[in-house]
Amino acid sequence: MPESTDLRTTDTVSLDDNENSVVIIDQTLIPGEVRLLSIRDEDEMYDAIKRLVVRGAPAIGVFAAFGLYVLSRDMTDLSREAFIAELKKKADHLNSSRPTAVNLSWALKRMLKAAEDNENLSVQEIVEILRKEAIAIRDEDVEICRGIGEHGLSLLKPGYRILTHCNAGSLATVRYGTATAPIYLGHEKGYNFKVYCDETRPLLQGARLTAFELTQHGIDTTVLCDNMSASLMARGEVDAVLVGCDRVAANGDAANKIGTSLLALAAKHYGVPFYVCAPSSTLDPDTATGSDIEIEMRDPDEVTEMWYEKRMAPEGVKVYNPAFDVTDHSLITGIITETGVAYPPYAESLRR
Ligand code: MRU
């Protein structure tokens, strides 16, 4: 039975009391309703990630880790070899749900490594190790976001007008968010920020999710269409841009929600500092540059039909619908991580 819940006091991803399912906030229903959903089946897990019921790079990493643990609990009658082989199969399946955010494969690899490093133990003991690993991934996510909040806040002044894109908020992580963490921390300290949320076409994560969570926290929030941010910057009404990211390449190129790179270009032109908030789980030293990042292409209906009462483009027209773009490192003022702010040249600062 679905229950209504308070976003401010609920983790975006958690385990149920019996650890038989992963509990998530259904992000397709916000802002109309905040409803919890219990998911215990592998295909439902795949579908939840694919349909953005759970979304945001860190949140899908934690969800996949909890998911693999929950699935492993049903496999205790297998031999050790069969258990590990089945675990890999399930991890590969979940990993194929969305390609761009590195956190998904990062969390699944971490879970598999924990199992493989202990393959001499009994299956029951390996399941317990998977449990601990998934909980560690969740706990680290919360700590990391707090760290990003502290380092991010050191770059902001009271009264700042901050522009953000998509949702890199608490809904995209377990708690606090990445791009919103400095905002929440500053809000607690009376910084009186004014936040502009890009609507974020086509799935409206800015208007539906970021605007919802910020207003729930009592933060001064304004929504604008994606094509309005340059005009706002031209009027001198933005002091800083804070965005999240789905994968940062070794040279500092950062993949994030489609439209982020346009924002960075405008920010550069108008001299507005542009910061990418990146938990270490989003840094991918194995990807050399942004052009090596696979960009997810999504259903044309998201552009032509979704949200409209009737279709808004001619039947049969071709649609270009990439979910992410890559912001060139030369447009990024600084990359805020949980251990500090990295500045150019990123190839060196990120490695450090
Ligand atoms: O397609 P989405 O909604 O999962 O895209 C999310 C983003 O682009 C976020 O900015 C990114 O994952 C960082 S979340 C802390």
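Only this structure's heavy atoms are used, side chains among them; waters, hydrogens and symmetry mates stay out. In each ligand, atom 1 is the first atom listed, and ligand 1 is the first ligand listed. This one's a predicted model, so the numbers in the text were calculated from it and none came from an experiment.
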*Asks:* How far is atom 7 (C) of ligand 1 from the closest protein heavy atom, and which atom is that?
*Replies:* Asp246 OD1, 3.4 Å
*Asks:* Using a 3.5 Å cut-off on N or O atoms only, is Gly56 in polar contact with ligand 1?
*Replies:*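 Min N/O separation from ligand 1 is below 3.5 Å for Gly56.
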*Asks:* If we only consider heavy atoms of Gly177, is any one of them less than 4.0 Å away from an atom in ligand 1?
*Replies:*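 The answer is no, since Gly177 has no heavy atom less than 4.0 Å from ligand 1.
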*Asks:* Give a yes/no verdict on a cation-pi contact between Arg138 and Phe66, requiring under 6.0 Å between NZ or CZ and the six-membered ring centre and an angle within 45° of the axis.
*Replies:* no
*Asks:* Students should be able to answer this: which protein heavy-atom is nearest to atom 4 (O) of ligand 1, and at what distance?
*Replies:*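 The answer is Arg98 NH1, 2.8 Å.
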*Asks:* Tell me: protein heavy atom nearest atom 15 (C) of ligand 1, and distance?
*Replies:* Thr178 OG1, 3.2 Å
*Asks:* Could you tell me the residue and atom name of the protein heavy atom closest to atom 10 (O) of ligand 1, and the distance to it rounded to 0.1 Å?
*Replies:*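 Atom 10 (O) of ligand 1 sits closest to the protein heavy atom Asn256 OD1, 2.6 Å.
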*Asks:* Have a look at Gln27 and tell me which of Arg208, Gln205, Arg35, Arg55 forms a side chain to side chain donor-acceptor pair (under 3.5 Å) with it.
*Replies:*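 Single pass found, and it is Arg55.
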*Asks:* Considering only non-hydrogen protein atoms, determine which one is nearest to atom 13 (C) of ligand 1 and report residue, atom name and distance to 0.1 Å.
*Replies:*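 Answer for atom 13 (C) of ligand 1: Cys245 O, 3.3 Å.
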*Asks:* Between Lys257 and ligand 1, does any nitrogen or oxygen pair lie at a separation below 3.5 Å?
*Replies:* yes
*Asks:* Looking at Lys88 and Glu116, is any side-chain nitrogen of the basic one under 4.0 Å from a carboxylate oxygen of the acidic one?
*Replies:*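 Yes, this pair counts.
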*Asks:* Does NZ or CZ of Lys257 fall inside the cone over Phe324's six-membered ring, less than 6.0 Å from its centre and within 45° of the axis?
*Replies:*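 Satisfied, under 6.0 Å and within 45°.
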*Asks:* Name the one of Val276, Asp198, Thr178 that satisfies side-chain contact (heavy atoms from CB on, under 4.5 Å) with Val243?
*Replies:* Val276
*Asks:* Where is the nearest protein heavy atom to atom 3 (O) of ligand 1: which residue, which atom, and how far?
*Replies:* Arg55 NE, 2.5 Å
*Asks:* Look at Arg298 together with Glu296 and state whether they make a salt bridge at an N to O cut-off of under 4.0 Å.
*Replies:* yes
*Asks:* Report yes if some heavy atom in the side chain of Ile332 is under 4.5 Å from a heavy atom in the side chain of Thr327; otherwise report no.
*Replies:* yes
*Asks:* Check contact between Asn167 and ligand 1, using heavy atoms of the residue and a distance below 4.0 angstrom.
*Replies:*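 Under 4.0 Å: yes for Asn167.
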*Asks:* Hey, does Ala57 come in under 3.5 Å of ligand 1, counting only N/O atoms on both sides?
*Replies:*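 Between Ala57 and ligand 1, an N or O pair is found under 3.5 Å apart.
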